[in-house]
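The structure under discussion appears below in the form of C-alpha cells.
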Protein chains: 2
Amino acid sequence: MLSEKPLLPSVPFRECPIQVSLGVLGRKWTMLILRDIGFLKVDRFNQIMRATPGLTPRILSLRLSQLEEAGFLRRVETDHSVRWALTDKGEDTLPLLLGFIEFGSKWNADEVFEDKRPRRLSELFPGLPLRKVA
Amino acid sequence: MLSEKPLLPSVPFRECPIQVSLGVLGRKWTMLILRDIGFLKVDRFNQIMRATPGLTPRILSLRLSQLEEAGFLRRVETDHSVRWALTDKGEDTLPLLLGFIEFGSKWNADEVFEDKRPRRLSELFPGLPLRKVA
DNA sequence: CTGCATCCGATCGGATACTG
DNA sequence: CAGTATCCGATCGGATGCAG
C-alpha cells in the first residue's frame, strides 16, 4: 500500500482533515453511541444506556449534546419521549464505524468471535452494498 | 444506507468489534501519530513532535509504547537513532485514516481547504488504488 | 421508567524542566 | 536526538438525587 514518500493530496490541506474530524468523534463513547443509533436502531436515552455497558448518564447526556451541536444528531421530540436521529452528517460516520468493525473482526477475532476466526465484512454482512474506498 | 431494523452480522459478536478496536486507537493523538508514520513518512520522535502541533513528549512517549505493546508499531533501532515502523496491523489502520480524511474533506471543507470546497478521496488522491469496503 | 443535575475521587492530558 | 520526571488542571467515571 505504501511507498517511502509522503502521500500528498492533489490539493494541499490547510488543516489536517483527520484532526478536524476528530472533535467529538474522537472522544470516549462517541462512536459507540453512533453505533447504537445507526446500527442497532436504539435511539432513546435509557436504551442507549442499556446497549452500552459502562456508559453513565452524565457522559451520555454530555455526548448527545455535543453530537447534536456538531451536527451529527437531531433531537426528535415525539409524544412524551425523546428520540435521537442521525443527520446526513451522522449517517456519513457509519462507513467509518464499518471500518472499525472490519478492523476488529480481523485483528481482535479472539475477543469478537466465539470461534476466534477472523472474518471480513463481506462475510459478516453479505447483503451490504459495497462502495469503493481505499 | 439504512433500514429501520438493526444491522446484524451473519455470525454473532461476542464483543463489539468497534469497542475492542478502540483501545489505544481511541485515545487522543493516536490516529495522528499513525498518520505521521504511515502517510507523512515521519518516523522519528522529534519529527513526529514537529509534525503534530500540540503533542507533548510525555504523551508521544506514552502512545508510542502503547502502540508498540498493542502491535501497531515496531521500534527500530538503527545506528545512533530510533525509528518507528508500522507493523502489518498498523498498516491496516491506514484505511481507517483515509476514512477520516474522506469525512473531513466532505464535512469540514471550510477548515480543510483554502477554497472551502468539499472534495472526495478520488479527487484528492487520483492514483490511489481503490478497494471495495462498505 | 426517562432524562438529566450534582458532587467527588480517579485518571488523563498539558506545561515545563531536565537527562543520557 | 529520544525520551523521563514532576506538577497541575481538565476530563472521566461512579454514586446519588430528582422532576416529569
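Order of the sequence lines sets the chain letters (A, B, ...), proteins ahead of strands, with each chain counted from 1.
Of all nucleotides in DNA chain C having an atom under 4.0 Å from a heavy atom of chain B, the first and last in 5' to 3' order are dC12(C) to dA15(C).
Taking L22(B) as the reference, M31(A), F100(A), I18(B) meet the side chain to side chain contact (heavy atoms under 4.5 Å, CB included) condition, with sequence neighbours excluded. The salt bridge (charged side-chain N to carboxylate O under 4.0 Å, His left out) test applied to R14(B) returns no partner, not counting sequence neighbours. Residues passing the side chain to side chain contact (heavy atoms under 4.5 Å, CB included) test with K116(B), sequence neighbours excluded: D110(B). Residues passing the salt bridge (charged side-chain N to carboxylate O under 4.0 Å, His left out) test with D115(A) are R119(A), sequence neighbours excluded. Under the rule for a salt bridge (charged side-chain N to carboxylate O under 4.0 Å, His left out), E114(A) has no partner lying at least two apart in sequence or in another chain.
When heavy atoms are screened at a 4.0 angstrom cut-off, R27(A) is found touching the sugar-phosphate backbone but no base atom.
Within the structure, the salt bridge (Lys or Arg N to Asp or Glu O under 4.0 Å) test picks out no pair touching residues 15-34 of chain B (sequence neighbours left out).
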For residues 52-60 of chain A, which side-chain N or O atoms pair as donor and acceptor with protein atoms under 3.5 Å away, sequence neighbours left out?
residue	atom	partner	partner atom	Å
T52(A)	OG1	D36(A)	OD2	2.5
T52(A)	OG1	I48(A)	O	2.9

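Within residues 69-82 of chain B, no residue has a heavy atom under 4.0 Å from DNA chain C. Near DNA chain C, meaning a heavy atom under 4.0 Å from it, residues 43-56 of chain A has R44(A), F45(A), N46(A), R50(A) in order of number.
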Check the interface with nucleotides 16-18 of chain D: list each N/O to N/O pair with the protein under 3.5 Å, or write none.
none

_Steps toward side chain to side chain contact (heavy atoms under 4.5 Å, CB included) verdict (F72(B), T30(B))_ = CA-CA 11 Å; F72(B) 292 93; T30(B) 299; over 6 Å; no
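Axis angle, first five pairs versus last five pairs of the helix from dC1(C)-dG20(D) to dG20(C)-dC1(D): 40°, rounded to 10°.
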